[in-house]
Amino acid sequence: MIGVFDSGYGGLSVFKELLLLFPEYSFMYLGDNARAPYGSRSPEIVTEYTRESIEWLFGNGAEIVILACNTASGEALSNLSRFLKEKFPKKVVLGVIEPVARFVSENVPREEKIAVIGTISTIRSGKYREALQKYGFTNVIERPTPLLAPLVETGDVTGPMAEHMVAGALSPLTREGISTVILGCTHYYFLRNTIEKLYPHLKLIDAPEAFPIFFREFLVKQLDRTVRLKKGDAPRFYTTDEEDAFARFVERTLGLSIAPKRVKLS
């Protein structure tokens, strides 16, 4: 079983692509909607909430956990490395930032000016800049766009309000000559249509596009692990908040009819 975690709805963007590309595996999704968004919280709180979610997923059958949340990947993953090695030495936790940076390195010229937008926590962590610099990108602008993830959580991803919010976040970057933007929050996937409508010249890169490529290579290299992954079950959905609201969001944005279950993490 492969567990996918996000602070709320954003990770569903990655989850959708994984379901399409890896139908032979069984997946479970956990959204900590009751405590979303994580983006404005302290590193200590993000780490605590992420640890609780990872423990829950491993405790409920996951062999691999994917942090389909840039904030958790940036703020919590390195903080939890020792804890995970000691408590779950035979299991794996994967983040989304390194796969995105590698994808950028394979698709964007090194001299290009790149912008990363994300939550306050993701930008504060500096993990995108660090990962991109490792691949030779030195002209990187990081900008927090803290209002976009809460906008997605309301489900208001198209129309005048969404366009106004997106313009407020991206117009300053376009004036600086940016041509490639990394959507450094998986929530922003649900705003792609609005972004592309307003800024058709921008090249957008995000985890739903990049991570599955990385994950396919990971599975090939981890054959001994993949044989232990449960296969054939229908995907399971869990939320820490109201089930009907979660199901409506999934129906509206992904076209899937689901019956999520509510869980308590702490």
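Computation of the quantities below employed the complete heavy-atom set of this structure, encompassing side-chain atoms and omitting hydrogens, waters and symmetry-equivalent molecules.
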Are Asp6 and Leu12 close enough, and set up right, to give a side chain to side chain contact (heavy atoms under 4.5 Å, CB included), and what steps lead you there? CA-CA 8 Å; Asp6 185 68; Leu12 289 165; over 6 Å; no

Does the Lys91 side chain pair with the main chain of Ala62, one donor and one acceptor, at a distance under 3.5 Å? yes

Where the side chain of Lys134 meets the backbone of Ala101, is there a donor-acceptor pair that is under 3.5 Å apart? no

Do you see a donor-acceptor pair shorter than 3.5 Å between the side chains of Ser13 and Tyr188? no

Of all heavy-atom pairs between Met1 and Asp233, which one has the smallest distance, and what is that distance? CE-OD2, 4.4 Å

Do the charged groups of Glu75 and Arg41 touch, with an N to O distance under 4.0 Å? no

Distance-only donor-acceptor hits, side chain of residues 249-261, under 3.5 Å, sequence neighbours excluded:
unit_1: Thr253; atom_1: OG1; unit_2: Phe249; atom_2: O; d: 2.6

Distance col, row Leu30:CG vs Arg236:CZ, nearest 0.5 angstrom, shows 13.0 Å

Can you get from Ile54 to Trp56 by hopping between Ile, Leu, Val, Met, Phe, Trp and Tyr side chains that sit under 4.5 Å apart? yes

Mind listing the closest non-hydrogen atom pair of Leu77 and Gly95 along with its distance? CD2-N, 3.8 Å

Do Asn193 and Lys197 make a side-chain contact, defined as non-hydrogen atoms from C-beta onward lying under 4.5 Å apart? no

For the residue pair Pro208 and Lys16, establish whether any side-chain heavy-atom pair is separated by less than 4.5 Å. no

How long is the straight-line distance from CZ of Arg216 back to CZ of Phe22, given to the nearest 0.5 Å? 4.5 Å

Please determine whether a side-chain nitrogen of the Lys or Arg among Glu48 and Arg35 lies less than 4.0 Å from a carboxylate oxygen of the Asp or Glu. no

Taking the six-membered ring for Trp, are Phe218 and Phe214 parallel (under 30°), tilted (30 to 60°) or perpendicular (over 60°)? parallel

Could you tell me which non-hydrogen atom of Arg192 sits nearest to which non-hydrogen atom of Leu183, and how far apart they are? CG-CD1, 3.8 Å

All pairs passing ring-ring contact (aromatic ring centres under 6.0 Å, His included) where residues 71-101 contributes a residue, at least two apart: Phe58-Phe88

Residue pairs passing the ring-ring contact (aromatic ring centres under 6.0 Å, His included) test with at least one member in residues 116-165, sequence neighbours excluded, are none

Do Thr50 and Asn79 have side chains that approach each other closer than 4.5 Å (heavy atoms only, starting at C-beta)? no

Start with the C-alpha distance between Met28 and Leu57, add both sets of side-chain angles, then the distance that settles side chain to side chain contact (heavy atoms under 4.5 Å, CB included), and finish with yes or no. CA-CA 8 Å; Met28 59 197 303; Leu57 286 163; 3.9 Å; yes

For the pair Tyr38 and Phe5, name the ring-plane relationship: parallel under 30°, tilted 30 to 60°, perpendicular over 60°. tilted

Single-linkage hydrophobic cluster Val100~Val14, side-chain heavy atoms < 4.5 angstrom: no

All heavy atoms of Gly118 vs all of Ile123, minimum pair found to be N-CD1, 3.9 Å

Can Ser53 and Asp32 be counted as having a side-chain donor-acceptor contact under 3.5 angstrom? no

Testing the 3.5 Å rule here: is there a donor-acceptor pair between the side chains of Ser121 and Arg124? yes

Please round to the nearest 0.5 Å and tell me the distance separating atom CD of Glu86 and atom OG of Ser81. 9.5 Å

Side-chain contact, heavy-atom cut-off 4.5 Å: Tyr25 with Leu219? yes

Using a 4.5 Å cut-off on heavy atoms from C-beta on, say whether the side chain of Glu63 contacts that of Ile2. no

Using the side chain to side chain contact (heavy atoms under 4.5 Å, CB included) rule, take Arg51 and Lys87 through it: C-alpha gap first, then chi angles, then the decisive distance, then the call. CA-CA 11 Å; Arg51 176 187 55 76; Lys87 187 163 185 180; over 6 Å; no

Give the minimum heavy-atom separation between Cys185 and Thr119, together with the two atoms involved. SG-CG2, 4.1 Å

From Thr180 OG1 over to Leu202 CG, what is the distance, rounded to the nearest 0.5 angstrom? 8.0 Å

Same cluster or not: are Ile141 and Ile195 linked, directly or through other Ile, Leu, Val, Met, Phe, Trp or Tyr residues, by side-chain heavy atoms under 4.5 angstrom apart? yes

Quickly, which of Val166, Leu204, Val181, Leu173 forms a side chain to side chain contact (heavy atoms under 4.5 Å, CB included) with Tyr199? Name it, please. Val166

Check the side chains of Thr158 and Thr194 for a donor-acceptor pair under 3.5 angstrom, ignoring hydrogens and angles. no

Measuring from Asp206:CG to His187:NE2, what's the distance to the nearest 0.5 Å? 13.5 Å

Side-chain donor or acceptor of Thr240 paired with backbone N/O of Asn33 under 3.5 Å: yes

According to a hydrophobic-cluster definition based on side-chain heavy atoms being under 4.5 Å apart (Ile, Leu, Val, Met, Phe, Trp, Tyr only), do Val96 and Leu148 belong together? yes

In Phe215, Phe211, Tyr29, the residue satisfying ring pair (Phe, Tyr, Trp, His ring centres under 6.0 Å) with Phe15 is Tyr29

Partner of Thr122 under side chain to side chain contact (heavy atoms under 4.5 Å, CB included), picked from Val46, Asn70, Val116, is Asn70

One pair to check against side chain to side chain contact (heavy atoms under 4.5 Å, CB included): Ile205 and Val108. What are the steps and the verdict? CA-CA 10 Å; Ile205 294 175; Val108 178; 3.8 Å; yes

Which pair of non-hydrogen atoms, one from Lys127 and one from Gly74, has the smallest distance, and what is that distance? CG-O, 3.4 Å

Thr138 backbone acceptor or donor facing Arg110 side chain under 3.5 Å: no

Is there a chain of hydrophobic side chains (I, L, V, M, F, W, Y, each step under 4.5 Å between heavy atoms) that links Leu80 to Ile97? no

Distance from Arg102 atom CZ to Asn107 atom CG, nearest 0.5 Å? 11.0 Å

Side-chain donor or acceptor of Arg129 paired with backbone N/O of Val140 under 3.5 Å: yes

